[in-house]
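Atoms within each ligand, like the ligands themselves, are counted from 1 in listed order. These figures come from a predicted structure and were not determined experimentally.
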Amino acid sequence: MDNRPQWGTRAGFIMAAVGSAVGLGNIWRFPAVAYENGGGAFFLPYLFAILTAGIPLLVLEFTLGHKYRGSAPLTFARLNKKTEWLGWWQVAISFVISTYYAVIIAWAMSFAYFSFGEKWGKDPGAFLFGDYLKLVEAPGQVGSIVPSVFIPLVLVWVIALGVLFKGVKKGIEAANKIFIPALVILFLVIVVRAVTLDGAAQGLDAFFKPNWSLIAEPKVWVAAYGQIFFSLSIGFAIMVTYSSYLPKKTDLTNNAFITAFANSGFELLAGIGVFAALGFMAQQQGVGVSEVVTGGVGLAFVVFPQIISEFPAFNGLLGSIFFICLVLAGLTSLISIIETYVAGIQDKFKVSRNKAVAIGGGISAVISILFATQGGLYFLDAADYFINQFGIVVAGFAEVVIVAWVLREMKVLQQHADSMSDMLLGAWWKICLGVITPFVLGYMMIQNFINNLKENYEGYPTSFLLYTGWGVALAAIVVGFVFAAFKWQKGSLDLPSAD
Ligand code: PHE
Ligand code: NA
């Protein structure tokens, strides 16, 4: 008997997987990455990365979780007793991400409220760093807790953990079934408004104009792969965990294609919306579009407030809708990240879901307060950069090398996926995961090491980067081995028989 919780419907699972994939990265990362790496020409490496790495890896993670029916630690332990650490490592990476991701959602909540009355005034940059975040002068200082960040942060945790307490079907699935359609509708409102603004065409032109001269540069291809790994939430234990709740019969391959294309569709939509809005702003300021392009925190919390203030009408409402989109996109991703360690704790230590949510979520909520202090932004920035560069890329590399090269499991997994999918995986899948993906990830990994050893990220002091960046990335692996060292209760590693 298998008493693992299950999704209510296939659509529910897809909604949750898409909810995890569609996050802040779609809205503030993709448009800038595409623009900087060739605009319209970027779609070639991007599509290539989806077909050779994104979808194959998604199929792999769906198949692993489905076949071994466990959280990432349990799945990798069942795959082979010696690889459990890999599951915990990915869980630890997700744990770190959850602590600061929650804080960004809290900012977006504040800004949804600030939009009414354009609380950021004439200088949104000064408002964000000064009035709102009360940022300290130098990285490494902590300062005191900032109440205006702390209060929405509490709300974020209450919502996320509230959903998780309710379980897989009544909590995660139900929340995604509301949040994702709401996100799509609200985001469409923003996009339609953006493309009908003066100057929108100029922005779209800049976004789609192909710059083929970059196409031969390795960095463009690395950017495409990097975007895809991050964007599809691969290598974080998330997709393994979510697919462990699938019913016995389900089309895994098809699920992966749907998830990947839904995520890319949202990225494209965001690119259109963001660049239309940037074109409008460039025209208002009488400058070229290239002068106003940014991504990340600056785009969402400095440039967008500027744009919103220049809207001809309904500024407060439209601004609020934009930030609510960030909140919804972020929350559904946050929920998926937290579920990785909730599931891991439950599987290994045989505690109830409620206990796992309370302990895992509680600890990460407490740690997240560090990022709600006056020094929080610097810690957040360093942790985010390092956990991504040395988390996903290295853990993803380890995953494919272990599964394809060390354990040689591709054939067995392929049979599992093919046995219930309309589309057969064929040689394409094995070649992508056995050859292309490890080489691309290996190359990215080496480049990352060289670049970060040569130059300190953002010019931050070495000591600061040692404990916030390198230290955190290394700690995630160590935690992986420590948790793998605990003993499983008798019978835990047996695969539940088919029901
Ligand atoms: N896939 C999410 C995005 O595109 C990011 C994310 C990363 C979500 C890690 C969960 C975990 O924004
Ligand atoms: Na994404």
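Among Leu465, Ile387, Thr99, the one residue that satisfies the side chain to side chain contact (heavy atoms under 4.5 Å, CB included) test with Val472 is Ile387. The residue from Thr75, Leu413, Leu252, Val240 that alone fulfils the side chain to side chain contact (heavy atoms under 4.5 Å, CB included) condition with His66 is Leu252. Here the rule is side chain to side chain contact (heavy atoms under 4.5 Å, CB included) with Phe42, and of Phe30, Phe207, Tyr35 only Phe30 fits it.
Counting backbone and side-chain atoms alike, Ser333 contributes no N/O/S atom closer than 3.0 Å to the Na ion (ligand 2). At a cut-off of 3.0 Å, Ala21 is counted among the residues with an N, O or S atom near the Na ion (ligand 2).
Within the listing of ligand 1, atoms 8 (C) sit less than 4.0 angstrom from a heavy atom of Ser333. Applying the 4.0 Å criterion to heavy atoms of Asn26 picks out, from ligand 1, the atoms 3 (C), 4 (O). Of all atoms in ligand 1, numbered sequentially from 1 with element shown, those under 4.0 Å from a heavy atom of Tyr101 are 5 (C), 12 (O). Taking every heavy atom of Gly23 and a limit of under 4.0 angstrom, the matching atoms of ligand 1 come to 3 (C), 4 (O), 12 (O). Every atom of ligand 1 with a heavy atom of Phe236 under 4.0 Å away is listed here by number and element: 7 (C), 9 (C). Interface of Ala21 with ligand 1, defined as ligand atoms under 4.0 Å from a residue heavy atom, comprises 1 (N), 2 (C), 3 (C), 4 (O). Each of the atoms 10 (C), 11 (C) of ligand 1 lies under 4.0 Å from some heavy atom of Ile337. Heavy-atom proximity to Ser20, at under 4.0 Å, picks out these atoms of ligand 1: 1 (N), 2 (C), 8 (C).
Ring planes of Trp85 and Phe481: parallel class, angle under 30° (limits at 30 and 60°). Ring planes of Phe379 and Phe464: tilted class, angle from 30 to 60°. Taking the six-membered ring where the residue is Trp, Phe449 and Phe390 present tilted rings, their angle falling between 30° and 60°.
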Give the intermediate values and the outcome of side chain to side chain contact (heavy atoms under 4.5 Å, CB included) for residues Phe48 and Trp221. CA-CA 9 Å; Phe48 194 79; Trp221 293 79; 3.6 Å; yes

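The angle subtended at the Na ion (ligand 2) by OG of Ser231 and OD1 of Asn26 is 110°, given to the nearest 10°.
Residues Ala108 and Phe323 come closest through the heavy atom pair O-CB, 3.5 Å. Shortest non-hydrogen contact noted between Lys348 and Phe486 is NZ-O, 2.7 Å.
The shortest distance between side-chain heavy atoms of Pro56 and Trp428 falls below 4.5 Å.
In terms of protein heavy-atom proximity, atom 11 (C) of ligand 1 is nearest to Ile238 CD1, 3.4 Å. Residue, atom and distance of the protein heavy atom nearest to atom 6 (C) of ligand 1 are Ser233 OG, 4.0 Å.
No N or O atom of Ser336 sits closer than 3.5 Å to an N or O atom of ligand 1. Polar contact with ligand 1: present for Leu24 (N/O pair, distance under 3.5 Å). Taking any N or O of Gly25, backbone or side chain, at least one lies under 3.5 Å from an N or O belonging to ligand 1.
Here the side chain of Ser320 pairs a donor or acceptor atom with the backbone of Ala112 at under 3.5 angstrom.
Heavy atoms of Phe30 come nearer than 4.0 angstrom to ligand 1 in no pair at all.
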